[in-house]
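Worksheet for the structure shown next.
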2 protein chains.
Amino acid sequence: MTATLDQRIRRDLERKIRSGAWSPGHRIPTERELIAFYGCARMTVGKAIAALVADGLVERRKKAGSFVAQPRVRTAVLEIPDIAAVVRARGETYRFDLLQQTRLTPGQRPDPAFAAAGDRLLIEGVHIAAGRPFAHEHRLISLAAAPGADVADFSGRSPGSWLLENVPWTTARHRITARQALDVAVTLGLARAAACLQVERWTWRQDDPVTYVRQIFPGDRHDLVAEFAPRP
Amino acid sequence: MTATLDQRIRRDLERKIRSGAWSPGHRIPTERELIAFYGCARMTVGKAIAALVADGLVERRKKAGSFVAQPRVRTAVLEIPDIAAVVRARGETYRFDLLQQTRLTPGQRPDPAFAAAGDRLLIEGVHIAAGRPFAHEHRLISLAAAPGADVADFSGRSPGSWLLENVPWTTARHRITARQALDVAVTLGLARAAACLQVERWTWRQDDPVTYVRQIFPGDRHDLVAEFAPRP
DNA sequence: TAGTGGTCTAGACCACAGC
DNA sequence: CTGTGGTCTAGACCACTAA
């Protein structure tokens, strides 16, 4: 009861939808009807309905009105946190073991996954949790987009956290697949056929590629959880 | 240039942030300063900034002001679409082969992953794309939450799409892991050690559990892509 | 305590899609 | 056409908190 007016209206409408009292396709009252019902300004009911639209509960069509949307398993919000933070949240010690750090010139070892112009830094390493391998990391960094990366010290500290602090705002794309350990089996201390979760991430600053990273987790030591829940 | 005023202001501010002109921690002008600059009402700049807050680009503190947020790889929006829709979008034929359909009474074969009261329906089947196995599905449905599921016909049609149409609004939680094919290897036509992507989904209506589903995809035939991009 | 964001009002005009 | 949502204005009061 201490919430703001638009939040209370929003919850009121959401309850009617989630309970099934208003089923999918049902036309909800017009903004002007809701104004009269709640005795408030139009902007206030508009804000409440806009939040429901953002959550996919309602669809709006001009002249026709606002309708309860068909439920769909559409999207989920996936947490892709920093590995060091995950490990420390478990109460385990964390460190990053650097296996390789090489500067590549444009022609050298082109990677189809990461087509940055100019020099790139190739980094390979292992995230260690409580003394045991937690994830293998293979990373390429564009030195044009991240100047200073070639003189940073990645023995002990993961390049991911360095980039987070030193390269400003980014856009990212993730790809999640399953694969066998194979060439990283020895590094991770697994059988070659062990199932692993592979997360790839491409990061841009404006339109320039900044970094590509491929992280491989033992399937039995890591999972990803995605929530799709209404906002409180 | 045809966008609305709040969108143009939002883009204007976002460009300053993403380009690095305003770096993380920088204090952006107050709403009242922006009003003067853009010559508009306070609600309009408020809407623009609220959108930036929703995207995690800006943090606001009363009395102190609004600041460019520290970039974090926080969350990504993951598409978890209907399997039938994915297959058909590829231009392949789709069907669902039912392997087992059993009604369970409360005491029978309790599943730690799905603790619904009352009778449950256990469904096991395979999603078939272009004649080849695409995913194995193991599902439990609470008959209290989804009445009618026990008389529905799931030979040919996936229970997921049936539920989507027949059970109103839901909340969902997803878990993504990697595993070997093992007991579903024969069904999917894979080696027992083949790496597979396993997606589990728990669904509630209000606070009542509706269904639990575990889908297993051959690692080389499926992936999940998550975008974290600014809104246009 | 003063300045900031947070919320709300009571209007207004417009574009658009159904009728 | 007419009603709907979409957007915007020019104010207002309040809660919070950093200075």
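No experiment lies behind these values; they were computed from the predicted model shown. Worth knowing before you read on, the calculation uses all heavy atoms, side chains too, and leaves out hydrogens, waters and symmetry mates. Sequence lines set the chain letters: A, B, ... in the order given, protein chains first and strands last, and positions in each chain run from 1.
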Please check the phosphate of C:dG6 (OP1 and OP2 only) for any side-chain N or O of B:Arg42 closer than 4.0 Å. no
Within this structure, what is the CZ-CG distance for the pair A:Arg10 and A:Asp55, rounded to the nearest 0.5 Å? 5.0 Å
In whole Å, I'd like the distance from the CG atom of A:Asp6 to the C1' atom of C:dG6. 10 Å
Return the value, rounded to whole Å, for the distance between atom CD of B:Glu59 and atom P of C:dT4. 19 Å
Atom pair distance, as rounded to whole Å: CZ in A:Arg60 and C1' in C:dG18: 16 Å
State which of C:dG6, C:dT9, C:dA2 makes the closest approach to the side chain of B:Lys62. C:dG6
Value for CD (A:Glu33) from OH (A:Tyr38), rounded to nearest 0.5 Å, stands at 12.0 Å
Please say which of A:Glu200, A:Arg120, A:Arg139 ends up in a side chain to side chain contact (heavy atoms under 4.5 Å, CB included) with A:Tyr212. A:Glu200
In whole angstroms, how far is the C1' atom of D:dG5 from the CD1 atom of A:Ile35? 11 Å
I need the CZ-C1' distance between B:Arg32 and C:dG3, as an integer number of Å. 8 Å
Do A:Arg60 and A:Glu31 have side chains that approach each other closer than 4.5 Å (heavy atoms only, starting at C-beta)? yes
Atom pair distance, as rounded to whole Å: CE in B:Met43 and P in D:dG11: 16 Å
Phosphate OP1/OP2 of C:dT7: any A:Lys47 side-chain N/O under 4.0 Å: yes
Using a cut-off of less than 4.0 Å, is there contact between a side-chain N or O of B:Ser66 and OP1 or OP2 of C:dG5? yes
Euclidean distance, A:Phe134 CZ relative to A:Gln215 CD, rounded to 0.5 Å: 9.5 Å
Pick base, sugar-phosphate or nothing for B:Ile49, based on heavy-atom distances below 4.0 Å to the nucleic acid. nothing
Does the plane of the ring in B:His127 sit parallel, tilted or perpendicular to the ring in B:Tyr94? Use 30° and 60° as the thresholds. tilted
Could you please name the option among D:dT17, C:dC19, C:dC8 that lies closest to any side-chain atom of A:Lys63? C:dC19
Which of D:dG5, C:dC8, D:dT2 is nearest the side chain of A:Thr30? It is D:dG5
What's the OH-P distance between B:Tyr38 and D:dC8, to the nearest Å? 13 Å
Please determine whether a side-chain nitrogen or oxygen atom of B:Thr44 lies at a distance below 4.0 Å from atom OP1 or OP2 of D:dT9. yes
Touch class at under 4.0 angstrom, heavy-atom based, for A:Arg61 against every strand present: sugar-phosphate
Are any non-hydrogen side-chain atoms of A:Thr170 and A:Leu163 less than 4.5 angstrom apart? no
Have a look at the helix from C:dT1-D:dA18 to C:dG18-D:dC1 and give the angle its two end axes make, five pairs each, rounded to 10 degrees. 10°
Protein-nucleotide distance (B:Glu31, atom CD; C:dG5, atom P), rounded to Å: 5 Å
Both B:Ile28 and A:Gly39 contact DNA chain C. Which one's nearest nucleotide lies toward the 5' end? B:Ile28
Could you check A:His136, A:Arg201, A:Arg175 and say which one makes a side chain to side chain contact (heavy atoms under 4.5 Å, CB included) with A:Arg214? A:His136
